[in-house]
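Positions are given from 1 along the sequence. First listed ligand is number 1; within each ligand, the first listed atom is number 1. Fair warning: this is a prediction, and the values are worked out from it, not measured in the lab.
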Amino acid sequence: MLKGIPASPGIAIGKAFTHNQGDVWFNWRHLSEAEVEPEVDRFLEALQEVGVDVERVRRQVEARLGKEHAQIFDAHLLMLRDPMLADATVSMIRKDRTNAEYAFYQTLREVKHQFDAIEDEYYRARVSDLLDVESRVLAKLCGEDRASLANLDMEAVVVAHTLTPSDTAHMSRDRVLGFVTEAGGSTSHVAIIARGLGIPAVVGVETATTRIEPGDLVVVDGTRGVVHINPDAEALAQYRAEAERLKQLERTLPTLTEFLAETTDGVRVELAANVDLPEEVEMVLRYGAEGIGLYRTEFLYLTRPALPTEEEQAEAYRWIAERVAPQPVVIRTLDLGGDKLSHVFHAQPEMNPFLGWRAIRVCLAHRDIFRTQLRAILRASACGNVRIMFPMISGLEEVVEAKQVLEEARSELRAQGIPFDEECQVGVMIEVPSAAMVADQIAEEVQFFSIGTNDLVQYAVAVDRSNERVAYLFDALHPGVLRLIKGTIEAGHHRGIPVGMCGEMCGEPLSAILLLGLGLNSFSMSPSAIPEIKRMIRSISLSDARSIASEAMSCKTPAQVRAYLQRALQGILQDAEADEAGERGPHAG
Ligand code: PEP
Ligand code: MG
């Protein structure tokens with residue numbers, strides 16, 4: 001049983017597909033009797049071929065850099081030709097009838113353990129040679145059919161140290177049952193994607209890739225943040241029953257779609273959904289979202305070898321705008337950088353990527369690319385209710401500059417006679433503390449705000465959102481964060497513009513009561529979170545939510561805020577149940 005951070009609720013049960021050394025993914029496979037000897041031959045041939053490759057590299061290095069540098073490859077060749085290594089792998093293929101990748105991986109693990117245990121620098125240093133040999137042989141064995149998340153050939157739970165946005169952008173989603181990663185917090189990329197697709201996930205599981213073997217049966221309990229490896233029959237039956245119960249519950253939740261998100265004293269708020277991948281739009285419609293409050297456009301840039309053209313982008317944006325019309329879709333301009341680095345910008349690795357060249361900073365440095373995206377969004381605005389949103393704004397100048405580029409795009413389209421919505425609204429994300437502090441100035445320039453707490457918390461509390469070691473500090477209920485949120489909402493309202501939120505915070509019932517009470521106008525979240533938030537909003541009056549918010553704002557620590565909100569939420573739900581029992585029925589919209 002491994003503990004981690006709950007990242008996406010639900011229970012997934014399946015075989016593990018693990019990430020291995022050198023970016024080679026492979027599956028465990030059981031062989032039939034007839035497959036065993038051909039598998040042994042395949043393995044011995046791969047060893048031989050890797051030996052030839054290494055010899056060649058050795059000769060090239062010797063010619064270019066001299067004998068001394070080439071010696072490193074002698075160690076690799078010795079290992080490749082070590083009969084013990086080959087024999088141990090072959091006998092495992094024969095005895096356990098497993099595929100060569102798995103047998104070789106297991107054999108090397110054993111050797112690595114032995115090397116690690118020897119108190120001798122020389123042997124310890126050989127571990128990196130072993131890793132090198134391992135990834136070469138595995139890559140050769142996997143060859144052209146190298147497994148990847150893009151061509152998973154069975155349903156599986158993906159277990160990895162970390163998953164990059166391009167891993168998830170390419171994966172075959174219908175085969176992924178669950179995610180377990182060693183790195184990451186609840187707002188890291190994989191957590192957001194998992195929630196968006198409704199796939200259970202646990203992140204920050206420190207020893208996942210060493211404790212879970214390929215092919216192990218694992219249960220991912222994304223609600224409790226627990227991963228159970230090879231559970232016994234009784235535990236497995238319990239998990240299966242629980243998974244079935246959750247599925248039943250899920251089927252009943254969307255029935256709330258016919259009701260509006262309205263408080264008991266008749267105040268309407270907007271409940272919208274966040275979308276990272278076009279596939280999620282189906283969930284958005286099913287869960288009754290009132291449009292898309294955040295459409296992350298990064299996937300378009302991460303799934304292609306080169307930049308997407310204006311036409312490709314316009315087509316993608318038009319598709320989504322038409323699917324949700326007449327409801328709005330807020331298209332956020334490119335937010336690459338941070339944990340989403342892209343090959344297309346050839347960005348240099350940075351010491352602090354989240355504080356570095358990211359989002360609007362990249363766009364303002366590449367105005368041609370930015371203008372192309374803005375033209376594409378504007379073109380889509382002719383076919384639906386499209387809004388434009390700029391991410392990572394830190395102050396007024398960036399808004400003014402971004403609007404200048406937008407104006408250039410508009411003038412070009414006008415001159416070319418290409419239709420677009422002249423009234424298309426423009427807003428910004430408030431996710432950098434400095435922007436929250438000057439929200440009154442920024443409000444003069446835009447038509448809406450959307451608070452991005454995933455980053456606002458990261459920057460305000462100085463806690464890397466993808467670092468599991470400091471995840472305990474990542475808390476949107478920190479009084480300092482709450483003051484920034486309150487100030488932003490007040491600044492927006494003072495200027496007469498609506499203020500929404502698209503950070504993960506607003507999809508949690510506890511925080512949602514508080515945000516409602518602070519006057520937030522729209523909530524955008526993972527589609528699957530909508531029914532529960534809607535139920536909560538329909539159970540409370542705005543005036544009660546206001547008093548709760550005011551009391552919560554006087555608490556001194558995140559723990560006090562949480563404890564207070566928990567008591568308040570319990571009270572609300574009990575009252576709502578009593579009302580229902582009194583057969584007053586749901587408050588119709
Ligand atoms: C946020 O920062 O809260 C947000 C919604 O944007 P992202 O998670 O894409 O950074
Ligand atoms: Mg953000």
Side-chain angles (χ1 to χ4, degrees), residues 7-8 163-166 168-169 184-197 201 203 272-277 280 289 292-302 329-342 353-363 387-394 398 427-436 448-467 471 474-478 481-482 484-485 488-489 499-508 511-512 515 520 522-527 529:
S8 175
L163 285 168
T164 63
S166 67
T168 48
S186 62
T187 63
S188 58
H189 169 77
V190 64
I192 290 174
I193 285 278
R195 281 195 290 270
L197 295 170
V203 301
N274 294 348
V275 166
D276 297 75
L277 301 167
E280 295 167 20
I292 295 171
L294 167 65
Y295 178 48
R296 293 183 171 96
T297 55
E298 292 79 59
F299 82 95
L300 275 170
Y301 293 75
L302 291 165
V329 49
V330 180
I331 302 184
R332 180 177 75 180
T333 59
L334 196 53
D335 183 3
L336 282 178
D339 63 344
K340 298 174 196 153
L341 287 167
S342 173
F354 279 116
L355 300 180
W357 201 56
R358 179 184 168 191
I360 198 73
R361 303 169 185 187
V362 176
C363 289
R387 297 174 188 168
I388 298 176
M389 179 160 77
F390 302 125
M392 271 291 283
I393 292 296
S394 64
E398 281 164 346
V428 289
M429 290 199 62
I430 300 290
E431 52 184 343
V432 176
S434 57
F448 65 91
F449 281 161
S450 184
I451 304 174
T453 43
N454 306 345
D455 279 310
L456 189 63
V457 176
Q458 145 163 284
Y459 297 130
V461 188
V463 49
D464 179 343
R465 66 193 260 189
S466 54
N467 183 343
F474 191 99
D475 197 335
L477 296 180
H478 189 296
V481 176
L482 297 182
L484 290 171
I485 294 173
T488 303
I489 297 175
V499 181
M501 180 178 285
C502 58
E504 297 295 313
M505 176 188 193
C506 70
E508 288 167 23
S511 317
L515 295 166
L520 196 76
S522 71
F523 298 61
S524 189
M525 61 196 74
S526 303

Just jot down the ligand 1 atoms closer than 4.0 angstrom to any heavy atom of Ile192, in number order. 8 (O)
Say you draw a straight line from SG of Cys506 to CG of Asn274; how long is it, rounded to the nearest 0.5 Å? 7.0 Å
Short N-O contact, Arg358 and Asp335, less than 4.0 angstrom: yes
Would you mind running through ligand 1 and noting each atom that sits below 4.0 Å from a heavy atom of Cys502? 5 (C)
Taking 4.0 angstrom as the limit and counting only heavy atoms of Asp455, give me the atoms of ligand 1 inside it, by number and element. 1 (C), 2 (O), 3 (O), 10 (O)
Ligand 1 versus Leu294, non-hydrogen atoms closer than 4.0 Å: side chain, backbone, both, neither? side chain
Give every protein N, O or S atom lying under 2.8 Å from the Mg ion (ligand 2), naming each by residue and atom. Glu431 OE1, Asp455 OD2
Side-chain contact test, heavy atoms from C-beta onward, threshold under 4.5 Å: evaluate it for Val461 versus Val481 and give yes or no. yes
Selection from Glu298, His189, Arg465 by shortest heavy-atom distance to atom 8 (O) of ligand 1: Arg465
side-chain contact (heavy atoms from CB on, under 4.5 Å) filter on Ala201, not counting sequence neighbours, yields Ala7, Ser8, Phe179, Ala194
State, yes or no, whether a side-chain contact exists between Met501 and Thr453 at a heavy-atom distance under 4.5 Å. yes
Has Arg332 got any heavy atom lying under 4.0 angstrom from an atom of ligand 1? yes
Find all atoms of ligand 1 within a distance of less than 4.0 Å from any non-hydrogen atom belonging to Arg296, and give their numbers and elements. 4 (C), 5 (C), 6 (O), 7 (P), 8 (O), 9 (O)
Hey, are the side chains of Met505 and Ile485 touching, using non-hydrogen atoms and a 4.5 Å cut-off? yes
Can you tell me how far apart CG (Leu300) and CG (Leu277) are? Round to the nearest 0.5 Å. 10.0 Å
Is there a polar contact between ligand 1 and Glu504, counting only N or O atoms under 3.5 Å apart? no
Hey, are the side chains of Met392 and Met429 touching, using non-hydrogen atoms and a 4.5 Å cut-off? no
Once rounded to the nearest 0.5 Å, what's the spacing between atom CD1 of Ile292 and atom CD of Glu280? 9.0 Å
At a 4.0 Å cut-off, with the gap strictly under it, does some heavy atom of Arg358 reach an atom of ligand 1? yes
Rounded to the nearest 0.5 Å, how far does CD1 of Ile430 lie from CD1 of Ile489? 11.5 Å
